[in-house]
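Atom set for the values below is all heavy atoms of this structure, side chains included, hydrogens, waters and symmetry mates excluded. Letters A, B, ... mirror the listed sequences (proteins, then strands); counts begin at 1.
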There are 2 protein chains.
Amino acid sequence: MAERKYHHGDLKNALRTAAAGLIAVHGVERVSLREISQAAGVSHAAAYRHFADKQALLADLAEDGFRQLAEINRRTTATTAGGPVEQLKACGRAYVRFGLERPKVLELMFSQAIPDWSAYPQLSQASAELAGTLASLVAAGQAAGLLRASPIGDVTLTAWSLVHGLTLLIVGRRIPVEDIDDAFVERMSHACVELLVHGIAVG
Amino acid sequence: MAERKYHHGDLKNALRTAAAGLIAVHGVERVSLREISQAAGVSHAAAYRHFADKQALLADLAEDGFRQLAEINRRTTATTAGGPVEQLKACGRAYVRFGLERPKVLELMFSQAIPDWSAYPQLSQASAELAGTLASLVAAGQAAGLLRASPIGDVTLTAWSLVHGLTLLIVGRRIPVEDIDDAFVERMSHACVELLVHGIAVG
DNA sequence: ACCTGAACACCGTTCAAGT
DNA sequence: ACCTGAACACCGTTCAAGT
């Protein structure tokens, strides 16, 4: 049912969908606002009625990515037994899986496609929401006496950094390994998370 | 002493220098081959005599970044006392410092500016060289009985992932912290590396 | 052998004009 | 109120022509 109305009706969402689809295929770097508009069935200037510029549309999609990841952490926490440390491990593995499933979204979220976030407070808020899910888990682990009593920000950032770096190295194919398949990634994310929890040094 | 010769003499290096300078200021995403050529004092088509295309020039610069980082690891290892674990920690902190000093170079090295490395074997080799410096350190630590006897790739990737993720989160300003100054970074990289070594879980 | 200038097919963004 | 089409100042890349 192709709509040939002059007024699209919900062009804002149509642009979001078109952009997400094109980015998922080609990546942020290689997607133009003109082809997004074309995919949404409008002229190349129509998008400016709904987004300030190209970056605002990208920021909108990045925000969605952060909210999805935060929601994944909440769900993972809710459905994982064994206490905060097991939940933290599960969230770490879920982060890597998210990156593998939506590599272009993760790239969009953390690349310099949106260099300055100050113009997008909702994006900062969504990012803080994600950080918050991790910090809560760390706080619970510390309260239970399972995680070190280091400053909570230190522990949170350490855990986040590990899974973040691992994910980026994997999806960017920067690891000197021939075949990076799902089994390898699953094994590796498990091993790395365990080493994070128990330390790389002996006992 | 401005040279007005038709034949530049060493345009290839002049382009490298101009590109590195512009990228250090504006970042890869916002630098065009045309302005690089202009900065080097030649017409916008001249670069194609020395590099296959824009990406080949970027790959050349990224390769240099990897070699510099590998060299930093070698020097840090050579000048750090206390054995492989202390050397590994020092390399980790040096990685973060490199990222802070040359954020745009790190971005270039790991961004999707060069999506497929298969056309640039020297780049892959330089990256492997960097990974090798870390792997050697891990091997030495394991041989001395100081690091866990997990598969060497697991331990190496864990360490690399942590400092890589930490560095990217810091230089990308993705950490929900108001003031990210040098003191904060130095303290944070120290804390994260310690937590990596001893684990985030209690004793 | 090395560089230039014009040309081509693209961009993001703006704005008067159309519906 | 929302969208289009032309226009502007840019891109990367190619190629005949100049030195």
Side-chain angles (χ1 to χ4, degrees), chain A residues 2-23 25-62 104 108 111-116 119-120, chain B residues 2-23 25-62 104 108 111-116 119-120:
Chain A
E3 333 79 354
R4 294 281 98 193
K5 302 172 302 185
Y6 193 91
H7 285 66
H8 187 287
D10 196 9
L11 182 54
K12 188 160 189 174
N13 271 315
L15 287 167
R16 276 194 260 248
T17 307
L22 286 167
I23 287 170
V25 177
H26 300 110
V28 210
E29 331 248 307
R30 287 170 218 312
V31 170
S32 72
L33 196 52
R34 288 172 106 107
E35 66 182 318
I36 291 168
S37 303
Q38 195 180 19
V42 290
S43 86
H44 63 264
Y48 289 89
R49 196 65 42 177
H50 303 279
F51 296 97
D53 50 23
K54 186 185 181 185
Q55 236 183 79
L57 171 53
L58 297 181
D60 190 283
L61 296 176
K104 307 300 185 186
L108 167 62
S111 78
Q112 292 308 98
I114 307 144
D116 186 9
Y120 311 101
Chain B
E3 334 79 352
R4 294 281 98 193
K5 303 172 304 184
Y6 193 89
H7 286 67
H8 186 286
D10 195 10
L11 182 54
K12 186 160 189 173
N13 271 314
L15 287 166
R16 275 195 262 248
T17 306
L22 285 166
I23 287 170
V25 178
H26 300 110
V28 211
E29 332 248 308
R30 287 170 219 312
V31 169
S32 72
L33 196 51
R34 287 172 107 108
E35 66 181 318
I36 291 169
S37 303
Q38 195 179 21
V42 291
S43 85
H44 62 264
Y48 289 88
R49 195 65 42 177
H50 302 280
F51 295 97
D53 50 23
K54 187 186 179 184
Q55 236 183 81
L57 171 53
L58 297 181
D60 190 283
L61 296 176
K104 306 300 185 187
L108 167 63
S111 78
Q112 292 308 99
I114 307 145
D116 186 9
Y120 311 101

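The side-chain heavy atoms of A:R49 and A:L11, taken from C-beta on, include no pair separated by under 4.5 Å. Looking at B:V28 and B:K104, their side chains never come closer than 4.5 Å, going by heavy atoms from C-beta outward. In this structure the side chain of A:H44 never reaches within 4.5 angstrom of the side chain of A:L33, judged on heavy atoms. Side-chain contact check for A:E29 versus B:P115: every heavy-atom pair is 4.5 Å or farther apart. Contact check for A:I23 versus A:L58: side-chain heavy atoms found under the 4.5 Å cut-off.
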## Note on the structure
Reading nucleotides 8-16 of chain D from 5' to 3' and marking B where a protein heavy atom lies under 4.0 Å of the base, S where only the sugar-phosphate is that close, and - otherwise, the string is ---BBBBB-

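Legend: residues meeting side chain to side chain contact (heavy atoms under 4.5 Å, CB included) with B:A59, ordered by chain and number and at least two apart, are B:I114, B:Y120, B:L123.
The minimum heavy-atom distance between B:V31 and B:H26, with the atom names listed, is CG2-CB, 4.1 Å.
Of the inter-residue distances, the one linking A:K54 atom NZ with A:I36 atom CD1 reads 6.5 Å to the nearest 0.5 angstrom.
Protein atom CG of B:L11 is 17 Å distant from nucleotide atom P of C:dA1, rounded to whole Å.
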### Secondary structure of DNA chain D in dot-bracket form (Watson-Crick or G-U wobble, distances below 3.5 Å, | marking inter-strand pairs)
||.|||||...|||||.||

